[in-house]
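The structure appears below as structure tokens.
Order of the sequence lines fixes the chain letters, A, B, ..., with proteins taken first and strands second; residue numbering starts at 1 for each chain.
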2 protein chains.
Amino acid sequence: MSFERRRLHAGDRIQMAGEPFRRLHLIRVGAVKSILLSSAGNLQMAGLHIQGDWVGFDGLSTGVCACDAIAMDTSEVWAVHYLVLQKTAERVPELSMALHAAMGRQMTRERDWRLALATLPADARLADFLRHWAQALEVRDLRSDHITLRLTRAEIGNYLGMTLETVSRSFSRLVALALISFDDKGRRHFAIPDVAALSAFVESKSVTPSPIPVRQRC
Amino acid sequence: MSFERRRLHAGDRIQMAGEPFRRLHLIRVGAVKSILLSSAGNLQMAGLHIQGDWVGFDGLSTGVCACDAIAMDTSEVWAVHYLVLQKTAERVPELSMALHAAMGRQMTRERDWRLALATLPADARLADFLRHWAQALEVRDLRSDHITLRLTRAEIGNYLGMTLETVSRSFSRLVALALISFDDKGRRHFAIPDVAALSAFVESKSVTPSPIPVRQRC
DNA sequence: CGCACTTTTGAACGCTATCAATGCGTGTGG
DNA sequence: CCACACGCATTGATAGCGTTCAAAAGTGCG
């Protein structure tokens, strides 16, 4: 099976909304964001992907790429034609199952984010976002102590469903609580001194609107 | 490949959180809800599935079922062992690709819901929910004029990220706007006189917090 | 009929959006 | 080199939407 290895710079586009779906991309190095053009004509953050994630599943069902995918940093991705991957997977069950597992992971993550949006107030939502980002880096053996987020406040807010002002305020409050600290290098570089404390903060702020009674009527 | 055909009554459980992942379920008739036990010990609506949807993808990545899946109504599901499905898919590419397409659809839907939570106010969120539900029924050639939602206000609110009081108020406002109307049979039966009007309402209320400037810096 | 659960509606509070002004960092041209 | 402009980030004041607390009405079932 032939992977095409591509090196990318920040801003390079991996796929474009509207083009026919042919390839999947496995991210090896760096980070990629998916941008979706909403019906209202606005750009929306559709997803964030880093090392080990696949990009392109959005075209599987319709045959057309649904979103732009743009490198956020100097990156390396492996592109593979879906049909080739499919053919190979027929002979290599492990590959097929690994692909399924990757898709399952992505579904789970997407669902968890939906739940986070539904249950967390602004501060906790940002904290949860930063925590997951740090954890994702850690799992991949990347340095997770000093983190650089190559996103504007507007993009973060768009992803988290809050205004850029609220993002900024939440950052300030998290700093005030010493749950994060900004680097000298600018307001996009920060550190998480105590991940456990950050997690505890998220948990403590989690509220369930309309808790479902355990005593199920159905 | 052997599907096991199962008939279910409201409240019957298809899978249980924590049990080892072995089977996927294809819903043929009826509707199923997925319930997740959150870290705070609360029950959360994880997903809603109807005819044509697969249930069980949540176990793909970890090997363990993440949520309970419970029939909301008299239903029929086809259960299939994942490993058997996998073996069969090696011989039948169409099956493999259909499965991928189904997973892609589910991912897209999950992402769309996340965006809806991020951009729609309460009334529009409920309207969008009802609209999608009606459309899902219509696509499957089920009657979509008079709809029965076998969910409590608390469950709807939990799914949409709002309190049950707000759900109730939003229902009332949608009725006042004549975008929906309650049936005589109770407050869980309703009709959508004009789907287009409902869609227009959702669109009109859609606001993008922190719009991303089209002029991308990256 | 009475009880438990669900739904509706009201009033007050709090969180987040909105509008607005200021500060910061970078690149450009005088 | 500095002034300036531009985009991004921060912070403040105010308003609005949704939550919270509370009470009452509707629904289903033994």
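Between the P atom of C/dT7 and the CZ atom of B/Arg150 lies a distance of 13 Å, rounded to the nearest Å. In this structure, the CG atom of B/Leu126 is 11 Å from the P atom of C/dT8, given to the nearest Å. Atom CD of B/Glu155 and atom P of C/dT7 are 9 Å apart (whole Å). Between A/Asn158 atom CG and D/dA9 atom P the separation is 13 Å, expressed in whole Å. If you take CZ of A/Phe182 and P of C/dC24, they are 14 Å apart, rounded to a whole angstrom. Put simply, CZ on A/Arg153 is 15 Å from P on C/dA17, counting in whole angstrom units. Taking atom NZ of residue A/Lys205 and atom C1' of nucleotide C/dC15, one finds them 11 Å apart after rounding to whole Å. The CD1 atom of B/Ile156 sits 12 Å away from the C1' atom of C/dT6 (whole-angstrom rounding).
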| said: Could you walk me through whether A/Val207 and A/Thr119 satisfy the side chain to side chain contact (heavy atoms under 4.5 Å, CB included) test, starting with their C-alpha distance in whole Å, then the side-chain angles of each, then the deciding distance to 0.1 Å, before giving a yes or no? | reply: CA-CA 5 Å; A/Val207 292; A/Thr119 59; 5.7 Å; no
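Of the possible polar contacts, one joining the A/Gln15 side chain to the A/Cys67 backbone as a donor-acceptor pair under 3.5 Å is found. Put simply, the side chain of B/Thr152 gets close to the backbone of B/Glu155: a donor and an acceptor are under 3.5 Å apart.
Each of A/Glu165 and A/Arg173 has a nearest nucleotide on DNA chain C; the 5'-most of these lies closest to A/Arg173. Nearer to the 5' terminus of DNA chain C, by closest-nucleotide assignment, is the contact made by A/Ala122 (compared with the other of A/Ala122 and A/Asp184).
Donor-acceptor pairing under 3.5 Å, judged by distance alone, is present between the side chain of A/Arg169 and the base of C/dT18. Contact of A/Arg187 with C/dG25 (side chain to base): no donor-acceptor pair of N or O atoms is detected under 3.5 Å.
A/Phe190 is linked by a ring pair (Phe, Tyr, Trp, His ring centres under 6.0 Å) to nothing, counting only residues two or more places apart in sequence or in another chain.
Taking only side-chain nitrogens and oxygens, B/Ser168 never comes nearer than 4.0 Å to OP1 or OP2 of C/dT7. Taking side-chain N and O atoms only, A/Arg188 has no distance below 4.0 Å to OP1 or OP2 of D/dC8. The side chain of A/Ser172 places an N or O atom within less than 4.0 Å of a non-bridging phosphate oxygen (OP1 or OP2) of D/dT11.
Checking D/dG18, D/dT19, D/dA9 against the side-chain heavy atoms of B/Met162 singles out D/dT19 as nearest. Set against C/dT8, D/dT19, D/dA9, the side chain of B/Thr166 has D/dT19 as its closest nucleotide.
Using five terminal pairs a side, the axes of the helix from C/dC1-D/dG30 to C/dG30-D/dC1 at its two ends make an angle of 30°, given in steps of 10 degrees.
Contact annotation for B/Gly157: no contact, since no heavy-atom pair falls under 4.0 Å across all strands. Using a 4.0 Å heavy-atom criterion, one finds that A/Pro209 contacts no nucleic acid atom at all.
A/Arg111 forms no cation-pi arrangement with B/Phe57, by the criterion of a distance under 6.0 Å to the ring centre and an angle within 45° of the ring axis. Judged by the 6.0 Å and 45° rule, B/Arg153 forms a cation-pi pair with B/Phe171.
Pairs passing the salt bridge (Lys or Arg N to Asp or Glu O under 4.0 Å) check and including a residue from residues 117-132 of chain B, sequence neighbours excluded, read B/Asp123-B/Arg173, B/Asp128-B/Arg131.
A/Trp54 and A/Phe3 have tilted rings, their planes meeting at an angle from 30° to 60° on a 0 to 90° scale.
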